[in-house]
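Note that the numbering runs from 1 along the sequence shown for the chain.
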Amino acid sequence: MALIEQLELANFRSYAAGRFRFSSSRVVFTGPNGAGKTNLLESIYFLSILRSFRTVSGRELVRIGERGFELKARVDKGAYHEELRLAQTLAGKRETWIGANRIRRSSEFIREFRAVVFVPEDRNISGGSSSFRRRFFDMMISTLDGGYLTALNNYYRALSQRNRALKQKEQAAVAAAFEPEMAVNAPLIARQRRIYAKLIEEEVSRMLAEDGNLEFRIVCRTDYPENAAEYREMLERNRPKEQLRSCTLSGPQLDEFDFLLNGKLLRYYGSTGQIRIISLLLKLAEFNLVKRAAKEPVAVLVDDVTGELDELNKARFFRTISGADQQFFTFTELPELEIFRDAEEIKIEKNKN
Ligand SMILES: Nc1ncnc2c1ncn2[C@@H]1O[C@H](COP(=O)(O)OP(=O)(O)OP(=O)(O)O)[C@@H](O)[C@H]1O
């Protein structure tokens, strides 16, 4: 049975117009490189959480030369069907509907289904810069906690406005005006990141225990006080120095998550294979947490990631994600694997959309 039964796109990425019907819980998009397979996963992800897994701004999602995009999906909710619809302009203005009802709060719209995405860039979570680790936690926590998403959006909006004001000498008072918003949200963000880091650490450790005797730990490093009053004092104290440097020098935007394997920092001492496997386990841990905690159905979106895995991890990957309510895969060709025997293949042709 399909969770998402129909998907429609207008002026989204490479699609001027596209309509897809799904009748299976396991769907595979096949087609040549650049055909538009990942764009489809991205549209499903966007419908689930109103964010992309590839871009921050959202402008790139609009088909080049167009002024906005529209997405529509029909979701099977068991006893009834729901139609989700959203329209977003190049400037980022967005409208959302569930059925005929206009939904004004993002948190209300994103309650319909959850999505966990697996992409080749996931290996950067263990091996890349700290921004990949923050993004990993932010995407996961936002999927489970609408309050976190709101805190994150409010914090980053205030931070970017404060940074703009810090660049101009005479605008110290303007910079100061954004500090209360940052001081309220930064401690909330830090607290949730710490809680979820612990949950992920436990989940990865449990999976690693199947492989032998590897100890995995996550250490969260922040450089600021975790209560609003002290945070505000810190911003006030740092403001003259930060005016000279034209940006805010501490806060959640600089948090680091150290991943330790047998006590050694993975990104410095891990082998390529260890970095790849821990990244995979982190994502599987995310899936397990979302599956356990979310009240809504969960979709898994897999962008051609299994090629790099050995047989043991490939089996673990497919076993774990088979717990999802619907799975979408992209491959250039349908793999000759048992699990794809009953899958629904949808061929995407280049230049046809
Ligand atoms: N905003 C946009 N407007 C028009 N075309 C776009 C836009 N963004 C991306 N594209 C086009 O979409 C195509 C990429 O689509 P996508 O990433 O879905 O490919 P894919 O089928 O997953 O390919 P691969 O197998 O190489 O990963 C490219 O041809 C790119 O030029």
Side-chain angles (χ1 to χ4, degrees), residues 46 49-62 64-69 88-94 105-107 121 124-125 128-142 145-194 197 220-258 267:
F46 200 90
I49 198 158
L50 298 172
R51 286 180 86 166
S52 162
F53 56 79
R54 294 205 279 195
T55 156
V56 181
S57 85
R59 289 181 71 84
E60 302 90 324
L61 304 179
V62 178
I64 292 166
E66 300 295 337
R67 292 159 65 168
F69 68 81
Q88 183 164 314
T89 67
L90 203 52
K93 194 172 170 326
R94 183 166 55 219
R105 291 168 67 103
S106 305
S107 55
E121 295 74 31
N124 291 322
I125 300 169
S129 66
S130 57
S131 61
F132 287 101
R133 286 178 281 289
R134 285 192 295 274
R135 197 170 155 78
F136 165 70
F137 280 102
D138 287 346
M139 277 168 64
M140 170 182 53
I141 307 171
S142 303
D145 180 348
Y148 182 81
L149 185 58
T150 307
L152 205 60
N153 287 339
N154 291 345
Y155 175 81
Y156 274 98
R157 198 177 312 118
L159 172 69
S160 108
Q161 285 166 321
R162 182 176 188 264
N163 281 345
R164 204 169 312 137
L166 287 173
K167 289 188 176 61
Q168 288 165 28
K169 228 176 166 191
E170 68 284 3
Q171 295 220 343
V174 179
F178 298 109
E179 291 169 9
E181 183 74 38
M182 293 166 70
V184 167
N185 289 300
L188 295 177
I189 294 168
R191 204 168 311 136
Q192 289 302 80
R193 284 180 176 174
R194 220 178 279 289
C220 304
R221 287 192 286 126
T222 57
D223 63 351
Y224 48 85
E226 290 182 25
N227 84 62
E230 287 175 35
Y231 198 95
R232 220 171 137 170
E233 279 168 27
M234 176 196 74
L235 286 174
E236 199 176 329
R237 209 171 38 247
N238 289 351
R239 203 184 307 131
K241 182 174 69 186
E242 292 178 331
Q243 275 195 299
L244 292 175
R245 302 280 291 273
S246 296
C247 74
T248 305
L249 296 170
S250 51
Q253 72 281 10
L254 298 169
D255 280 359
E256 178 55 288
F257 299 87
D258 286 338
R267 62 182 182 280

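Residues meeting the side chain to side chain donor-acceptor pair (under 3.5 Å) test with Asn227, sequence neighbours left out: Glu230. Every ring-ring contact (aromatic ring centres under 6.0 Å, His included) that Tyr224 has, sequence neighbours left out, goes to Tyr231. For the ring-ring contact (aromatic ring centres under 6.0 Å, His included) test, residues two or more places apart in sequence or in another chain that qualify with Phe53 are Tyr45.
Side-chain contact of Arg135 with Ser131: a donor-acceptor pair under 3.5 Å is absent, judged by distance alone. In the model, Asn163 has a side-chain atom that pairs as donor or acceptor with a side-chain atom of Thr248 under 3.5 Å. In the model, Tyr148 has a side-chain atom that pairs as donor or acceptor with a side-chain atom of Asp138 under 3.5 Å.
Of all heavy-atom pairs between Leu249 and Glu242, the closest is N-OE2, 2.7 Å. Residues Ser250 and Gln253 share a closest heavy-atom pair of O-NE2, 3.1 Å. In plain terms, the two heavy atoms of Arg162 and Phe178 that are nearest each other are N-CD1, 3.8 Å. The shortest non-hydrogen separation linking Ile189 to Ala151 is CD1-O, 4.0 Å. Met234 approaches Pro225 most closely through the heavy-atom pair SD-CD, 3.6 Å. For Gly68 against Val62, the heavy-atom pair with the smallest separation is N-CG1, 3.5 Å.
With values rounded to the nearest 0.5 angstrom, Leu90 atom CG is found 10.0 Å from Leu61 atom CG. Atoms CG and CG, from Leu159 and Leu166 in turn, are 9.0 Å apart once rounded to the nearest 0.5 Å. Atom-to-atom distance recorded for Gln88:CD and Arg59:CZ is 11.0 Å, nearest 0.5 angstrom. Between the CZ atom in Arg191 and the OG1 atom in Thr222 there is a gap of 11.5 Å [rounded to 0.5 Å]. Taking CD of Gln192 as the reference point, atom CG of Leu149 lies at 12.5 Å (rounded to 0.5 Å). Atoms CZ and CG, from Arg221 and Leu254 in turn, are 11.0 Å apart once rounded to the nearest 0.5 Å.
Annotation: side chain of Tyr155 is in contact with side chain of Pro252 (closest heavy-atom distance under 4.5 Å). Looking only at side-chain heavy atoms (C-beta outward), Arg193 and Cys220 stay at 4.5 Å or farther from each other.
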- request: Determine, stepwise, if the pair Arg267 / Glu256 fulfils salt bridge (Lys or Arg N to Asp or Glu O under 4.0 Å).
  value: CA-CA 12 Å; Arg267 62 182 182 280; Glu256 178 55 288; 3.2 Å; yes

message: For Glu226 and Arg194: C-alpha separation, side-chain torsions, deciding distance, then whether side chain to side chain contact (heavy atoms under 4.5 Å, CB included) applies.
response: CA-CA 11 Å; Glu226 290 182 25; Arg194 220 178 279 289; 2.4 Å; yes

field: Full working for salt bridge (Lys or Arg N to Asp or Glu O under 4.0 Å) between Asp255 and Arg133
entry: CA-CA 9 Å; Asp255 280 359; Arg133 286 178 281 289; over 6 Å; no

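Within a 6.0 Å sphere centred on CZ of Arg94, other residues, nucleotides and ligands contribute more than 12 heavy atoms. For CZ of Arg232, the number of neighbouring non-hydrogen atoms (other residues, nucleotides, ligands) closer than 6.0 Å is 12 at most.
With hydrogens and angles ignored, the 3.5 Å screen pairs a side-chain donor or acceptor of Asn185 with a backbone N or O of Glu181.
Residues Glu179 and Arg239 are paired through a salt bridge, judged by an N-O separation under 4.0 Å between the basic side chain and the carboxylate.
Ring centroids of Phe46 and Phe69 are separated by less than 6.0 Å, placing the two rings close together.
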